[in-house]
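Below: one structure, written as structure tokens.
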Amino acid sequence: MTQLSIPLDPSVEFLVGLLNTPSPTGYYHEAIRYVRQAFEALQIPNLTFSETTKGALIAHWRGESSGAPRGVTGHIDTLGLMVKDIKGSGRLKMTQLGNFMWQAVEFEGVTLRTHDDRRYRGTVLPSNPSTHVNKNIRTSPRDEDTMEVRIDAKTFSAADTRALGIEVGDFIFLDPRVEVTDTGFIRSRHLDDKSGVAVMYGALLALKQAGLQPAQDTTFLIANYEEVGHGGAAGFPDGLAEVLAIDMAALGDGQASTEYDVTICIKDGSGPYHFLMNNKLRRIAAENNIPYKTDIYTYYSSDGSAYWRAGGTARVGLIGPGVESSHAYERMHKDSITHSIHLLARYLLDGAEA
Ligand SMILES: [Zn+2]
């Protein structure tokens, strides 16, 4: 069997840089540029780049065969916030980009970016948050009417805040708080799905270091609108035989996924993935002694689902590394990244059709 070494350290380094690059859904320029530069720096022969009008990055890698072309997708867009209204107090009401618990962002540091790129620091808070003042704050509901952003600037009115250049529609970036521990864990917001894009980076690097190319022509789509459901709906060429989405595995009570395996998602909220793809992925994992779990996510869908909903005809599968407390302050282990890179790399090299 072909020897492959899994480039974990460079993949984690790539991941940390991507995590520190803000990319809430709708704001993709910086992260797409970061990924493109990192992928281009791999200097892989026959890997060519383009961007869709909508802003996604496409990398096309010529394979040994063009008979059954493939697509692989991951997304750089993440959860985030946007200014919904400027309150009379000068503080900001927010609207969510993507879906999450307000409790997951309570007291998080943020950077607000005005349309002309002035940046202000601030904090997401419930209104009147001091327990010395508000005896009901412990149990009061958290929603878009009770949560606000306190900007670190002297503002006492909506006019003061507007004078800073802040307006309805400005992006608010949540601090990712990236930490890589010496026990192999990575804690950060937005491991969904920046870790999946790091898995793609690692698989490209593994093949490049081994002097290999994919078995089939392969188009990599780095999508920028997954969290709102249409990232994978456009960007792939027609006529693909298979599409493999790389997105996080969700952990929790009743779930098989772990932080230490790669997961093959058999079914999610959008329905089952393709039977033959699922079996192919199982076979590749077993042949290469890759620790994997199969799992089902009830409240989840992927850019594989978006591709199918948009009329895509390929056989679709979904794999990904395990991410704990998804859509909150997330955590994963490097083991899961290693096994996900390995499974994707072996998939790229596998000549058989699903
Ligand atoms: Zn995701």
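Note that this is a predicted model, so its numbers are computed, not measured. FYI, the numbering just counts along the sequence from 1. Start at 1 and go down the list; that is how both ligands and their atoms are numbered.
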Next on the checklist: Tell me whether R113 forms a cation-pi arrangement with Y27, defined as NZ or CZ under 6.0 Å from the six-membered ring centre and within 45 degrees of its axis.
Outcome noted: no
Next on the checklist: Could you tell me if R189 sits above the aromatic ring of F100, with its cationic atom closer than 6.0 Å to the ring centre and no more than 45 degrees from the axis?
Outcome noted: no
Checklist entry - the Zn ion (ligand 1) to E227: any N/O/S contact under 2.8 Å? => result no
Next on the checklist: Report whether any nitrogen, oxygen or sulfur of D247 sits less than 2.8 Å from the Zn ion (ligand 1) (N, O or S, backbone or side chain).
Outcome noted: yes
Checklist entry - Hey, which N, O or S atom on D192 ends up closest to the Zn ion (ligand 1)? => result OD1
Checklist entry - Could D117 and R119 be called an ion pair, given the rule that one side-chain N must be under 4.0 Å from one carboxylate O? => result yes
Next on the checklist: Ring-plane angle category for H230 and Y225, please: parallel below 30°, perpendicular beyond 60°, tilted otherwise.
Outcome noted: parallel
